[in-house]
J.: 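Once you've had a glance at the structure underneath, I'll fire off some questions.
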Amino acid sequence: RIDWASGEAKKFLEEFFWLHKQPPPKIPNAPFQSLYDQVKGENEGYYDDTDDKGLNVEEMTAFAIKVHQFVYKQLGKEMRAQRKSFAVTEEELATLHRASIDM
């Protein structure tokens, strides 16, 4: 399970954006935590897991979909501007990604 408080969900989001060859957006954590909490609330009691800390695989998939819709549809214009200001080569992108993993 992936928990928000431990920072695992934030790390998941960073990996999610790097996998899409995008830098993580420069926006506060609050919208992402809200989406995380929304998924958690929607699925409360739905799965048989006894551990209520964090999201399971199915819930993380729903979380990733919500984040994708929020960032690429609702913030589309802002993200295009951020991507233009973040123009890097594939090699630089790979280096930045490795650096974010090592943190």
Side-chain angles (χ1 to χ4, degrees):
R1 298 182 71 88
I2 296 180
D3 184 43
W4 184 267
S6 69
E8 293 173 324
K10 179 73 173 154
K11 189 71 172 166
F12 169 85
L13 286 179
E14 290 171 6
E15 289 293 317
F16 175 79
F17 289 108
W18 287 120
L19 285 172
H20 288 89
K21 298 186 179 190
Q22 301 296 322
K26 297 176 185 176
I27 58 176
N29 286 336
F32 297 124
Q33 185 173 1
S34 177
L35 292 171
Y36 178 94
D37 292 341
Q38 185 180 24
V39 170
K40 186 74 177 155
E42 289 170 356
N43 295 301
E44 203 166 289
Y46 183 76
Y47 296 103
D48 292 335
D49 297 350
T50 56
D51 180 11
D52 63 350
K53 186 176 180 181
L55 300 180
N56 63 25
V57 173
E58 293 86 1
E59 293 166 327
M60 285 305 293
T61 301
F63 177 57
I65 290 168
K66 286 182 180 289
V67 167
H68 185 274
Q69 290 172 339
F70 173 70
V71 170
Y72 295 109
K73 294 193 173 156
Q74 294 179 4
L75 298 179
K77 185 177 180 181
E78 293 88 344
M79 288 304 296
R80 280 190 296 280
Q82 181 178 322
R83 281 193 303 268
K84 285 180 184 176
S85 71
F86 193 82
V88 295
T89 67
E90 287 291 323
E91 184 177 324
E92 291 169 323
L93 185 65
T95 301
L96 288 168
H97 178 242
R98 282 191 301 278
S100 74
I101 291 173
D102 293 338
M103 295 174 106

J.: Identify the two heavy atoms, one from K53 and one from D3, that lie closest to each other, and give their separation to 0.1 Å.
T.: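 So the two residues come closest at CE-OD2, 3.2 Å.
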J.: Taking 4.0 angstrom as the limit, do E42 and K66 come out as a salt bridge?
T.: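 Yes, E42 and K66 are salt-bridged.
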J.: Nearest 0.5 angstrom please: L55 CG to E8 CD, how far?
T.: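 Result: 10.5 Å between the selected atoms.
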J.: List in chain and number order the residues that pass ring-ring contact (aromatic ring centres under 6.0 Å, His included) with F63, two or more places apart in sequence or in another chain; answer none if no residue qualifies.
T.: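 For F63 the ring-ring contact (aromatic ring centres under 6.0 Å, His included) partners, ignoring immediate neighbours, are Y36.
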J.: Give the C-alpha distance, both sets of side-chain angles, the deciding distance and a yes or no for side-chain contact (heavy atoms from CB on, under 4.5 Å) between D37 and W4.
T.: CA-CA 9 Å; D37 292 341; W4 184 267; 5.6 Å; no
J.: Is it true that a side-chain atom of T61 and a backbone atom of V57 form a donor plus acceptor pair closer than 3.5 Å?
T.: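 A pair under 3.5 Å: yes.
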J.: Residues in ring-ring contact (aromatic ring centres under 6.0 Å, His included) with F12, at least two apart?
T.: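 Partners of F12 by the ring-ring contact (aromatic ring centres under 6.0 Å, His included) criterion come out as none, since no residue qualifies.
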J.: Salt bridge check: are E59 and R1 linked by an N-O gap of less than 4.0 Å?
T.: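 Salt bridge: yes.
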J.: Nearest 0.5 Å, what's the CG-CD distance between L35 and Q69?
T.: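 So the CG of L35 and the CD of Q69 are separated by 9.5 Å.
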J.: Do you know the tightest heavy-atom contact between N43 and V39?
T.: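 What the structure gives for the nearest pair is ND2-O, 2.9 Å.
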J.: List the atom of F16, the atom of H68, and the distance in Å for their closest heavy-atom pair.
T.: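 Answer, listing the atom of F16 first, then H68: CZ-CB, 3.9 Å.
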